[in-house]
Each structure stands twice: as structure tokens, then as C-alpha cells.
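Shown next, in C-alpha cells, is the structure this report addresses.
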Amino acid sequence: MSEVINVIVTSVSKFPEFWSAIGGSLGGTIGGGLIAYAVQHKALREGRMQRKKDHRLAQQVLGTSLLIKLLKIHSNFHAIHQHFEKALAAERQPDAVYEPWQLIQPFASLPQQVNFTPEELSMLTAIGDFDVFNSVFSMDVVHNAVIDGCEAYRIQRAKLTDMLPVEDVSGYVVVTALTDNQASALQPQMIAVNSVIEELITRVKAGSEESKSALDRTQKLLRDKLELPYSVEVTS
């Protein structure tokens with residue numbers, strides 16, 4: 001057995017260029033592998049950075065869309081609230097006796113409904129501030145319910161006014177006189193219309209305040225977490 005080993009060792013030792021070739025081959029392989037690893041590592045790192053930038057940009061787009069919708073909601077609540085307050089000012093005059101349906105004119109054109117997308121709400125959830133999320137989550141539903149309520153008020157009030165005998169018209173004011181029997185017959189319809197508008201008055205006042213708070217808090221959160229480069233300022 002030892003003779004075989006000696007023969008092998010002796011035969012190899014006669015060819016030093018063999019070891020040189022082996023060393024060169026290994027060096028080239030290792031060097032090429034290190035270069036390939038460095039290139040791949042750089043590509044992976046740049047890919048991660050690009051994906052991070054793309055994700056941040058997508059979040060900023062969703063945040064911008066959400067802020068615009070919140071601004072629309074607050075603007076609509078504020079406009080409807082101001083419309084109600086201006087109309088009800090006459091009720092607060094001394095010796096004035098009016099019912100809300102007599103004072104508040106329906107809107108000729110109502111704002112469009114606003115709907116948050118699942119992606120916008122998911123973006124807000126991912127940020128992790130659940131107090132802000134809870135304040136925003138159902139804001140579009142409340143807003144749309146108010147828009148539907150304003151349309152219901154317009155329809156019911158029109159039915160009521162169509163039943164009233166008209167004696168005189170001055171601008172937007174219709175003068176009518178009812179007998180006791182007529183007033184009694186119309187009383188259920190008046191109560192129904194008043195209940196709609198009174199509920200709307202309460203909802204709109206609360207919605208105007210809550211939507212302003214939700215807008216301000218969401219804007220601050222998105223500027224802090226997503227670095228949005230702008231701000232939304234609401235003026236009355």
C-alpha cells in the first residue's frame with residue numbers, strides 16, 4: 001500500500017505546473033464568486049430600497065386621496081350647517097313662532113356622496129394609530145346618511161307644501177291660512193317633516209365638529225408618518 005502512495009506522490013511532484021493551474025483555477029473561481037456576490041448584493045439592496053420607495057409613494061397617494069375626501073366631507077357638513085343656522089336665525093327673533101320646516105329651504109343641489117376605499121383605510125390601519133382610524137372609519141357613512149336625509153327632507157317637505165292652500169307669494173315666502181280642521185289634518189305630516197329636519201340639524205352640527213377633528217388629526221398623522229409635503233387648511 002505504501003508503494004502505491006509513494007508512486008502517486010512522486011509522480012505528481014514531478015509536475016509543479018499542475019499545482020499552479022489548480023491555484024489559478026481556485027483563485028479565479030473565488031474571485032469571480034466574490035464579484036458575483038457583490039453585484040448581486042448591490043442589486044438586492046437597490047431592489048429593496050426601490051420597493052421601499054414605491055411602497056412609501058403608494059402610501060402617500062392613498063393618504064392624499066383620504067385627506068381630499070375628508071376635506072370634502074367637512075366642507076359639506078360645514079356648508080349644510082351654515083345653511084341651517086342662517087335659516088333658523090329667524091326663529092330666534094323676539095315673538096317669532098315658526099316650525100323648522102317653515103324656515104329651512106331644501107337644497108336645490110346636494111353634494112355628492114363620498115366613499116372611502118378599503119385601500120385607504122388599510123393604509124391608515126398600517127400606520128398603527130387606531131384612535132385616528134376609529135375617528136375616520138365611519139365618517140363617510142355618516143356623511144352619506146346626511147345627504148340621503150337632506151333628499152328625504154326635500155321630498156317630504158314638497159309633499160307637505162303641495163297640500164297647503166296658497167293665499168299669497170312674496171319671493172320665497174308663501175302665505176297660507178289654515179282652518180282648524182285643515183291644521184289638524186296636516187299635523188301628522190308636519191310632525192313627520194319636522195322630525196326629519198330636526199334630526200338633520202343635530203347630525204350636521206355634530207358631523208361638522210367631528211369631521212374637522214378627524215381631518216386635523218389625520219393630516220398630522222400622515223405628515224408625521226408619511227412625510228407628506230403639504231398641509232390642508234380649513235377656513236370658515
Side-chain angles (χ1 to χ4, degrees), residues 66 68-117 121 134-218 234-236:
L66 182 62
I68 291 173
K69 290 179 180 180
L70 283 172
L71 180 60
K72 287 182 179 179
I73 287 174
H74 175 65
S75 297
N76 292 341
F77 273 134
H78 181 72
I80 296 172
H81 177 61
Q82 291 296 104
H83 175 76
F84 288 171
E85 286 295 296
K86 183 177 179 180
L88 292 172
E91 186 184 28
R92 303 186 183 105
Q93 299 297 322
D95 301 324
V97 181
Y98 296 105
E99 295 186 4
W101 72 266
Q102 294 176 288
L103 299 172
I104 298 178
Q105 294 285 337
F107 285 92
S109 178
L110 287 169
Q112 292 183 345
Q113 295 194 348
V114 176
N115 295 287
F116 301 145
T117 67
L121 295 177
N134 290 333
S135 70
V136 171
F137 177 69
S138 61
M139 189 64 64
D140 58 338
V141 177
V142 175
H143 169 269
N144 295 342
V146 166
I147 300 301
D148 290 339
C150 288
E151 176 62 11
Y153 173 69
R154 183 190 67 80
I155 294 172
Q156 292 193 31
R157 188 178 185 275
K159 291 180 179 178
L160 173 59
T161 55
D162 287 344
M163 299 167 65
L164 298 174
V166 178
E167 290 192 355
D168 190 21
V169 177
S170 177
Y172 292 101
V173 178
V174 177
V175 179
T176 183
L178 299 176
T179 66
D180 291 341
N181 289 337
Q182 288 174 323
S184 297
L186 292 173
Q187 193 64 30
Q189 185 70 15
M190 293 179 182
I191 293 174
V193 177
N194 271 334
S195 66
V196 173
I197 192 60
E198 287 169 354
E199 175 68 16
L200 283 173
I201 292 170
T202 301
R203 283 195 181 189
V204 168
K205 185 177 186 299
S208 181
E209 296 170 354
E210 292 169 3
S211 62
K212 177 63 166 60
S213 174
L215 176 62
D216 290 343
R217 295 173 66 192
T218 302
V234 178
T235 57
S236 302

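Under the 4.0 Å criterion applied to side-chain N and carboxylate O atoms, Glu209 and Lys212 are not assigned as salt-bridge partners.
Taking both residues in full, the closest heavy atoms of Ile197 and Tyr153 are given as CB-CE1, 3.5 Å, listed atom of the first, atom of the second, then distance. Taking every heavy atom of both residues into account, Ser211 and Ile73 meet most closely at CB-CG2, 4.1 Å.
Put simply, the side chain of Gln189 never gets that close to the backbone of Leu186: no donor and acceptor are under 3.5 Å apart. In this structure a side-chain-to-backbone donor-acceptor pair under 3.5 Å is missing from Thr218 to Leu215. No side-chain donor-acceptor contact under 3.5 Å links Asn144 to the backbone of Gln113.
Using a 4.5 Å heavy-atom cutoff, the side chains of Val196 and Trp101 are not in contact. With contacts defined as side-chain heavy-atom distances shorter than 4.5 Å, the pair Gln105/Arg157 qualifies. Using a 4.5 Å heavy-atom threshold, the side chains of Asn76 and Leu110 count as separate. Side-chain contact between Lys69 and Thr117 is present, with heavy atoms from C-beta onward closer than 4.5 Å. Under the 4.5 Å side-chain criterion, counting only non-hydrogen atoms from C-beta, Gln82 is not in contact with Lys86. Between Leu88 and Ile201, some side-chain heavy-atom pair lies under the 4.5 Å cut-off.
To the nearest 0.5 angstrom, Ser138 atom OG is 8.5 Å from Phe116 atom CZ. Taking CZ of Arg154 as the start and CD1 of Ile104 as the end, the distance is 16.0 Å to the nearest 0.5 Å. A distance of 15.0 Å separates NZ of Lys72 from NE2 of His74, quoted to the nearest 0.5 Å. Going from atom OG of Ser75 over to atom CD1 of Ile68 covers 11.5 Å, rounded to the nearest 0.5 Å. Here the CD1-CG distance, from Ile191 to Leu160, works out to 11.5 Å after rounding to the nearest 0.5 Å. Going from atom NE2 of His143 over to atom CD of Glu210 covers 13.5 Å, rounded to the nearest 0.5 Å.
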Report the C-alpha separation of Met139 and Phe77 in whole Å, then their side-chain angles, then the decisive distance to 0.1 Å, and conclude whether the side chain to side chain contact (heavy atoms under 4.5 Å, CB included) test is met.
-> CA-CA 11 Å; Met139 189 64 64; Phe77 273 134; 4.3 Å; yes
Between Ile80 and Ile147, does a side chain to side chain contact (heavy atoms under 4.5 Å, CB included) hold up when you go through it step by step?
-> CA-CA 10 Å; Ile80 296 172; Ile147 300 301; 4.2 Å; yes
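With a 6.0 Å radius and a threshold of 12 heavy atoms from other residues, nucleotides or ligands, Phe107 has its CZ atom above the threshold.
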